[in-house]
Amino acid sequence: MKIKVRIPGPLAVILFLAGGIFPLKSDALWEEVLDEVNRSGQAVALDISIEGYLFDRKGTMLSSGNTRIQRSIVSGTVHVDSVREDGDFQPDQETLLELFGGTMPRPGGIFDRSVQSRLTLTQKDWLYYNGEETVLYDYRFESEKQGPISGQIWIDPEKHLPLRILSVPEKTSGFLDTSRMDLYFHRDEQGLWIPYEMQMEGSRSGILSRNVSIRMQMGDFSEL
């Protein structure tokens, strides 16, 4: 029997970089980030791999699964060419594709200037991340549908680009009671600044408590 895990609404917003997370009204660095991210056209991941694991409360793995999604762009539209699944634990790939899809930047997402009024962002500290000096921000997003979401974002102050986004919804729905997600960025061989990996940890309490771990890797980005 295959187990399908529904990605909770608040987390789904972040998975797709949707819902607009940060409204900086007077932060010069964030304004430069918005300019830099939106300088080029959209890039879309054509090769996506998803690993999912389900554990009991003691950390014993109950099930696992892998999904490989390959896509193409035809006349400016993204098409799913093939989906290969292995194992009995499969995260809801349709939700992941719909709400994230490996697109950078996304209209309506956090780097869209039209949604900047939806977030509160505070510069917290300067610190080293992977050997590079970065600026760390705290954020809180008030979503009308999904409720409050909070977390942190790491910015490269020289390149004016995001390196990592940590997101924690205060409320979840569906299979999970709590969840957190990390989204990582880098520049690929084509010079595109893209989200290359997402890691999610979630848990469900109660008699049949469960822990979930999901890792999504994105590659072969192409500009629309």
Side-chain angles (χ1 to χ4, degrees), residues 7-39 42-43 95-96 98-130 132-174 176-187 193-203 214-216 218:
I7 304 300
L11 176 64
V13 175
I14 310 301
L15 287 180
F16 204 43
L17 289 179
I21 303 177
F22 312 123
L24 291 186
K25 295 180 180 143
S26 59
D27 189 292
L29 177 57
W30 183 251
E31 289 297 320
E32 291 173 331
V33 170
L34 294 178
D35 288 342
E36 189 64 32
V37 169
N38 289 283
R39 196 177 304 280
Q42 280 191 312
T95 300
L96 288 174
E98 177 186 357
L99 297 171
F100 182 72
T103 303
M104 177 70 179
R106 176 181 180 268
I110 65 174
F111 304 112
D112 187 336
R113 287 189 176 278
S114 67
V115 299
Q116 296 303 297
S117 62
R118 299 181 187 177
L119 95 87
T120 301
L121 182 62
T122 305
Q123 188 174 130
K124 182 178 181 181
D125 203 359
W126 287 72
L127 74 165
Y128 281 90
Y129 176 77
N130 288 341
E132 300 291 335
E133 194 171 38
T134 62
V135 177
L136 178 66
Y137 286 96
D138 284 345
Y139 75 83
R140 181 180 174 85
F141 171 55
E142 295 289 344
S143 169
E144 293 182 359
K145 293 183 178 180
Q146 286 83 20
I149 301 169
S150 59
Q152 296 179 315
I153 180 170
W154 287 253
I155 297 292
D156 184 324
E158 298 296 327
K159 297 183 177 70
H160 306 145
L161 289 165
L163 298 174
R164 175 187 174 191
I165 297 176
L166 166 65
S167 303
V168 182
E170 294 186 10
K171 298 179 181 179
T172 61
S173 59
L176 302 176
D177 296 325
T178 64
S179 59
R180 57 171 282 163
M181 191 276 296
D182 274 295
L183 189 62
Y184 300 93
F185 300 80
H186 70 183
R187 194 178 299 280
W193 196 261
I194 49 92
Y196 69 94
E197 183 171 314
M198 179 278 292
Q199 295 179 3
M200 190 202 87
E201 303 293 332
S203 63
I214 297 174
R215 181 187 184 193
M216 182 164 67
M218 295 148 282

What pair of heavy atoms forms the shortest contact from [X] to [Y], and how long is it?
X: Pro148; Y: Arg140; value: CB-NH2, 3.4 Å
X: Leu161; Y: Val33; value: N-CG2, 4.4 Å
X: Glu36; Y: Lys159; value: CG-O, 3.6 Å
X: Val168; Y: Ser179; value: CG1-O, 3.7 Å
X: Ser167; Y: Ile149; value: CB-CG2, 4.5 Å
X: Tyr128; Y: Glu133; value: CD2-N, 3.7 Å

So, using side-chain contact (heavy atoms from CB on, under 4.5 Å) as the criterion, who are the partners of Gln123 when residues are at least two apart?
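Listed in chain order: Asp27, Trp126, Val135, Tyr137.
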
Measure the shortest side-chain to side-chain distance between Thr134 and Arg164 over non-hydrogen atoms and say whether it is less than 4.5 angstrom.
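They are not in side-chain contact.
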
How many angstroms lie between atom [atom1] of [X] and atom [atom2] of [Y], to the nearest 0.5 angstrom?
X: Asp156; Y: Glu158; atom1: CG; atom2: CD; result: 6.5 Å
X: Asp182; Y: Gln199; atom1: CG; atom2: CD; result: 6.5 Å
X: Glu31; Y: His160; atom1: CD; atom2: NE2; result: 12.0 Å
X: Phe185; Y: Trp193; atom1: CZ; atom2: CH2; result: 9.5 Å
X: Ile155; Y: Leu163; atom1: CD1; atom2: CG; result: 7.0 Å

Trp30/Ile153 under side-chain contact (heavy atoms from CB on, under 4.5 Å): CA gap, chis, key distance, verdict
CA-CA 11 Å; Trp30 183 251; Ile153 180 170; 4.0 Å; yes

Side chain Trp154, main chain Leu166, donor-acceptor under 3.5 Å:
no

Under the criterion side-chain contact (heavy atoms from CB on, under 4.5 Å), I'd like the reasoning laid out for Ile214 against Met198: C-alpha separation, chi angles, the key distance, then a yes or no.
CA-CA 8 Å; Ile214 297 174; Met198 179 278 292; 4.2 Å; yes

Among all residues two or more places apart in sequence or in another chain, which pass the salt bridge (Lys or Arg N to Asp or Glu O under 4.0 Å) test with Glu197?
Arg215

